[in-house]
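Side-chain atoms are counted along with the backbone in the values below, which use heavy atoms only and exclude waters and symmetry mates. Whatever order the structure lists them in is the order used to number ligands and atoms, beginning at 1.
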Amino acid sequence: MSKLIIHGGFFSESNTDESTKKLKQESLRIILDKSFEYLKTHSAYETVIYAVSLLEDDPLYNAGIGSQIQSDGEIRMSAAVMDGETQLMSGVINIQHVKNPIKVAEFLNAYDDRILGGPCATEFARNNGFEFFSVETEQRRKEFEEKLRSTGSGTVGCVAIDAEGKLAAATSTGGKGFEIPGRISDSATIAGNYANQFCAVSCTGVGEDIVSGAVAAKIVTRLTDGFSMDKAFEKTFEELKIVDGFAGAIAIDKDGNIFHLDSHPTMVFGAFDGKNYEIFS
Ligand code: ASP
């Protein structure tokens, strides 16, 4: 039954060149392989964290290393994980200077206070052994200096089902790029990342649209209430049109059906079920 699907956000207009596309396809393939290997001996919950940490470590994506720079020159990241079995979500919003925000989100899953934001999230991480790490890359500084606003160019996420049929979702982002400091992304909300025993979903796109459309939570709830996967996606994306929404989502349901839909055809994602790869970008 073990399967997983990962995403690397959308290509933006500033980086749709063929070489970046190829690099992302190769990277997705490597991360899928490693994560699938990991899933053989770990739960879906552990695997989505592992996969997202690998995506955060690759500067090609807008999460962890390579996160986009905000309007004040600072990088702030958000990440969340949700275990479909326990239905506990934990996350960080606008955390700074840590290598893997998803690991801080994981750490918080054991706490009563499970979602922390801003400087206090950073301080909490520091006090709990997450060392200072600058995630800024030359490429992102260059983009920032050229003021190339590149909306939605590579948030990352993973959804997995393990051998026991348990589901989990994890999502991590550096935000939209050039946003007003304090702006909150969808990634550490139930709109951007949600899971239960029926379905798990991770989103990418414009956070404001995803939150307005309550995308991940709606898809999961619809599946839970008896919708088929394609109908749940179809209705949710239809409703997103009211806000002219820019979004994409990946999902797996309890029967192991893998699904993806995007409002614009430039989403980067890949799935692997142990036999067949599907890489799209
Ligand atoms: N959803 C992210 C945000 O709005 C951006 C993205 O997915 O690329 O912050």
Side-chain angles (χ1 to χ4, degrees), residues 5-16 20 24 28 52 55-56 58-71 74-82 91-96 101-102 105 115 117-118 121 135 139-140 143-144 148-159 169-194 201-219 236-237 240 243-251 260-269 280-281:
I5 179 164
I6 59 177
H7 74 75
F10 279 94
F11 272 119
S12 70
E13 277 157 28
S14 61
N15 67 1
T16 46
T20 312
K24 281 202 175 180
L28 285 183
V52 166
L55 289 157
E56 285 177 338
D58 189 330
L60 276 175
Y61 305 105
N62 170 29
I65 300 167
S67 289
Q68 292 186 124
I69 300 174
Q70 303 193 340
S71 60
E74 295 286 322
I75 291 174
R76 296 176 184 85
M77 301 168 287
S78 301
V81 60
M82 187 154 179
V92 285
I93 294 174
N94 289 334
I95 195 167
Q96 293 189 274
I102 197 66
I115 303 184
V135 291
Q139 176 64 24
R140 295 300 186 202
E143 285 171 7
F144 176 74
L148 276 179
R149 185 188 155 117
S150 48
T151 304
S153 73
T155 287
V156 301
C158 177
V159 172
T171 309
S172 182
T173 189
K176 288 198 297 192
F178 292 97
E179 58 264 69
I180 300 171
R183 180 245 178 202
I184 289 175
S185 150
D186 61 291
S187 302
T189 73
I190 60 168
N193 190 84
Y194 200 65
V201 176
S202 168
C203 295
T204 182
V206 176
E208 287 70 6
D209 298 351
I210 295 167
V211 168
S212 299
V215 177
K218 268 190 195 172
I219 293 170
T236 304
F237 274 74
L240 201 59
V243 293
D244 193 23
F246 186 115
I250 56 171
H260 140 270
L261 197 65
D262 50 29
S263 60
H264 296 68
T266 51
M267 189 172 164
V268 184
F269 67 98
F280 296 96
S281 54

Original post:
Between T173 and ligand 1, which residue portion shows a heavy-atom distance shorter than 4.0 Å: side chain, backbone, both, or neither?
Top reply: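 The part of T173 near ligand 1 is the side chain, not the backbone.
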
Original post:
If hydrogens are left out, which of V156, T155, T171, D209 has an atom nearest to atom 6 (C) of ligand 1, that is, the closest non-hydrogen atom?
Top reply: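 Comparing heavy atoms across V156, T155, T171, D209, the nearest one to atom 6 (C) of ligand 1 lies in T155.
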
**OP:** From the options R183, M267, R76, select the one whose nearest heavy atom is closest to atom 4 (O) of ligand 1.
**Re:**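 Looking at heavy atoms only, R183 sits closest to atom 4 (O) of ligand 1.
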
I'd like to check [X] versus [Y] (side-chain heavy atoms, cut-off strictly below 4.5 Å). Are they in contact?
| X | Y | result |
| --- | --- | --- |
| F10 | V206 | no |
| I6 | V156 | no |
| N62 | T173 | yes |

Original post:
Any non-hydrogen atom of G175 lying under 4.0 Å from ligand 1?
Top reply: yes

Original post:
Of all the heavy atoms in E179, does at least one lie under 4.0 Å from an atom in ligand 1?
Top reply: no

**OP:** Would you please name every residue forming a side-chain hydrogen bond (donor to acceptor under 3.5 Å, both in side chains) with D58, sequence neighbours left out?
**Re:** S27

Original post:
Sequence neighbours excluded, which residues qualify as side-chain hydrogen bond (donor to acceptor under 3.5 Å, both in side chains) partners of T236?
Top reply: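 For T236 the side-chain hydrogen bond (donor to acceptor under 3.5 Å, both in side chains) partners, ignoring immediate neighbours, are R222.
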
When only distance counts, is [X] in polar contact with ligand 1, meaning an N/O pair under 3.5 Å?
| X | result |
| --- | --- |
| C203 | no |
| D186 | yes |
| G207 | yes |

Enumerated ligand 1 atoms positioned under 4.0 Å from heavy atoms of [X]:
| X | value |
| --- | --- |
| S185 | 3 (C), 9 (O) |
| K176 | 4 (O), 9 (O) |
| T204 | 6 (C), 7 (O), 8 (O) |

Original post:
Any idea which heavy atoms bring S78 and N94 closest together, and the distance?
Top reply: OG-N, 3.1 Å

Original post:
Just by distance, do the side chain of Q68 and the backbone of K176 share a donor-acceptor pair under 3.5 Å?
Top reply: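 Yes, Q68 side chain to K176 backbone: donor-acceptor pair under 3.5 Å.
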
**OP:** Using a strict cut-off of less than 4.0 Å between a Lys/Arg side-chain nitrogen and an Asp/Glu carboxylate oxygen, indicate whether R183 and E208 qualify as a salt bridge.
**Re:** yes

